[in-house]
Amino acid sequence: MALSAHVPDLSSLELLLAVARTGSLGAAGRELGLTQQAVSARIRTVERLVGVPVVSRGPRGSQLTKSGALVADWARGVLAAAEQLDAGIAALRGERDAHLTVASSLTVAEYLLPGWLVALRAEQLAAGALPATVRLGVYNTGRVAEQVLAGEADMGFVEGPDVPAGLSARQVGTDTLVLVVAPGHRWARRSRPLAPAELASTPLVAREAGSGTRLVLESALAAAGVEPAPPALELSSTASIRGAVLAGAGAAVLSDLAVRDDLAGGRLVEVGVSGLALRRVLRGVWAGGPPPAGPVRDLLRIAAQPA
């Protein structure tokens, strides 16, 4: 049932009770942090809504009229119920903010997410809040999308060329895929870049189907009009692919985040590739419209900040 237009708002009812307690408009205003002008305006609004005087002003202060006292008695029950509602909402928000389940693709989980989570915890502590308990699941990009769509994760981070169907997304960064080989590989001493067709015809050490890295490479090769050969090895983690390449199993296309130290140390060699767009967007994803308030929105904001 809709309330009539004669019901004052909660703040005005609080003021009415404060006047009853203090016997003064000025004292009630000081208690609630209101100016004398604001107090008088609210009382006039209450009297206009109710239709009768609710406060009697005199040389010894202010007191409620008989009608005002009746309204105040009724208001006590309303405000008590509002306090219960407020406490319940706070409990729900506290429960929401106490836990954060994140599903992340491998590259983001290994090289970026730890720093973001440290920053989130520091923010929460600085605000005087208990840090959220974070549960992290690491999957390929396709599985991350499934987890978020099914409600198994509050949010996710993906690496593929497109936003997964059914999810909202925000860009949180970029990285570049690079072709790497061991120093003893025949490509390590090439002076000219590989053409897309030569790369496509060579079986690589690769992630499983559905991973963001593989999707980006396959999309880039398709845009160049070539189809990749089946992988020489299909492994489920960046670390295992890196280890296989170091051992001489073949070439691989990996995030520059994953092989930066190996390239700098000479353990791996980057091989140039011409005519392929291997830069990819990293995204935070969630189900629904705007990102939900609380740790999901906070983590997205932190992740999207320039490094």
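For the pair Val180/Val269, no side-chain contact is recorded, criterion being any heavy-atom separation below 4.5 Å from C-beta on. Counting heavy atoms from C-beta on, the side chains of Thr238 and Arg207 come closer than 4.5 Å. Put simply, the side chain of Asn140 reaches to within 4.5 Å of the side chain of Glu208, judged on heavy atoms. At least one side-chain heavy atom of Leu299 sits under 4.5 Å from a side-chain heavy atom of Met155. A heavy-atom distance below 4.5 Å is not found between the side chains of Ser255 and Thr176. For the pair Leu204 and Pro231, the minimum side-chain heavy-atom distance is 4.5 Å or more. The shortest distance between side-chain heavy atoms of Ser168 and Val285 does not fall below 4.5 Å. Counting heavy atoms from C-beta outward, Leu10 and Val78 have side chains that approach closer than 4.5 Å.
Annotation: salt bridge (charged side-chain N to carboxylate O under 4.0 Å, His left out) contacts involving residues 183-200, sequence neighbours excluded, comprise Arg190-Glu198. Screening residues 19-41 for side chain to side chain donor-acceptor pair (under 3.5 Å), with sequence neighbours left out, gives Arg21-Glu31. Listed by first and then second residue, the salt bridge (charged side-chain N to carboxylate O under 4.0 Å, His left out) pairs involving residues 139-150 are Arg143-Glu146 (not counting sequence neighbours).
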Can Leu49 and Thr45 be said to form a side chain to side chain contact (heavy atoms under 4.5 Å, CB included), step by step?
CA-CA 6 Å; Leu49 291 173; Thr45 297; 4.1 Å; yes

Please test Glu123 against Ile302 for side chain to side chain contact (heavy atoms under 4.5 Å, CB included), starting from the C-alpha separation and ending with a verdict.
CA-CA 10 Å; Glu123 272 196 6; Ile302 290 168; 4.0 Å; yes

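Scanning both residues, Ala252 and Val205, for their nearest heavy atoms gives CB-O, 3.3 Å. Contact record, Ala200 with Leu221: CB-CD2, 4.2 Å, taken as the closest heavy-atom pair. Heavy-atom minimum distance, Ser274 versus Ala195: OG-CA, 4.0 Å. Taking each heavy atom of Gln124 and Pro131 in turn, the nearest pair found is OE1-CA, 3.1 Å. In terms of heavy-atom proximity, Leu263 sits nearest to Leu268 at CD2-O, 3.5 Å. Closest non-hydrogen pair, Pro203 versus Pro230, comes out as CB-O, 3.4 Å.
Aromatic rings of Trp116 and Phe157 (six-membered ring for Trp) have centroids within the 6.0 Å cut-off, being under it.
Asp154 meets the side chain to side chain donor-acceptor pair (under 3.5 Å) test with no other residue; sequence neighbours excluded. Every residue two or more places apart in sequence or in another chain that forms a side chain to side chain contact (heavy atoms under 4.5 Å, CB included) with Thr65 is listed here: Pro53, Ser56, Ser67. When the salt bridge (charged side-chain N to carboxylate O under 4.0 Å, His left out) test is applied to Arg242, the partners found at least two apart in sequence or on another chain are Asp262. Legend: residues meeting side chain to side chain donor-acceptor pair (under 3.5 Å) with Arg280, ordered by chain and number and at least two apart, are Thr107, Glu159, Asp175, Thr213. Applying the side chain to side chain contact (heavy atoms under 4.5 Å, CB included) criterion to Ala122, with sequence neighbours excluded, gives no partner residue. Scored by the salt bridge (charged side-chain N to carboxylate O under 4.0 Å, His left out) test, Arg42 finds no partners at all (sequence neighbours excluded). Partners of Arg57 under the side chain to side chain contact (heavy atoms under 4.5 Å, CB included) rule, at least two apart in sequence or in another chain, are Leu25, Ile43, Glu47, Val55, Ser62. Remark: Ser191 engages no residue in a side chain to side chain donor-acceptor pair (under 3.5 Å) (not counting sequence neighbours). Judged as a side chain to side chain donor-acceptor pair (under 3.5 Å), and not counting sequence neighbours, the contacts of Asp73 are Arg76.
Using a 4.5 Å cut-off between side-chain heavy atoms of Ile, Leu, Val, Met, Phe, Trp and Tyr, with links allowed through other members, Leu112 and Trp286 fall into the same hydrophobic cluster. Side-chain heavy atoms closer than 4.5 Å link hydrophobic residues (I, L, V, M, F, W, Y) into clusters, and following such links, even through other members, never connects Leu215 to Val144. In the hydrophobic clustering of ILVMFWY residues, with side-chain heavy atoms under 4.5 Å counting as a link, Val226 and Trp187 come out together. Residues Tyr111 and Tyr139 do not share a hydrophobic cluster, clusters being chains of Ile/Leu/Val/Met/Phe/Trp/Tyr side chains in contact below 4.5 Å. Grouping the Ile, Leu, Val, Met, Phe, Trp and Tyr side chains by contacts below 4.5 angstrom, directly or via other members, places Ile241 with Leu233.
Rounded to the nearest 0.5 Å, atoms OG (Ser237) and CG (Leu106) are 6.5 Å apart. Atom CZ of Arg283 and atom CG of Leu300 lie 13.5 Å apart (nearest 0.5 Å). One distance of note links CG of Leu177 with CG of Leu276; it measures 10.0 Å at 0.5 Å rounding. Atom CG of Leu167 sits about 4.0 Å away from atom CG of Leu149, to the nearest 0.5 Å. Considering CG of Leu136 and CG of Leu100, their distance stands at 9.5 Å, rounded to 0.5 Å. For the atom pair CG (Leu278) and CG (Leu254), the distance works out to 11.5 Å, reported to the nearest 0.5 Å.
Open room surrounds CD on Glu227; 12 or fewer heavy atoms of other groups in view lie less than 6.0 Å from it.
Under 4.0 Å is where a charged nitrogen must lie from a carboxylate oxygen, and between Arg135 and Glu152 no such pair does.
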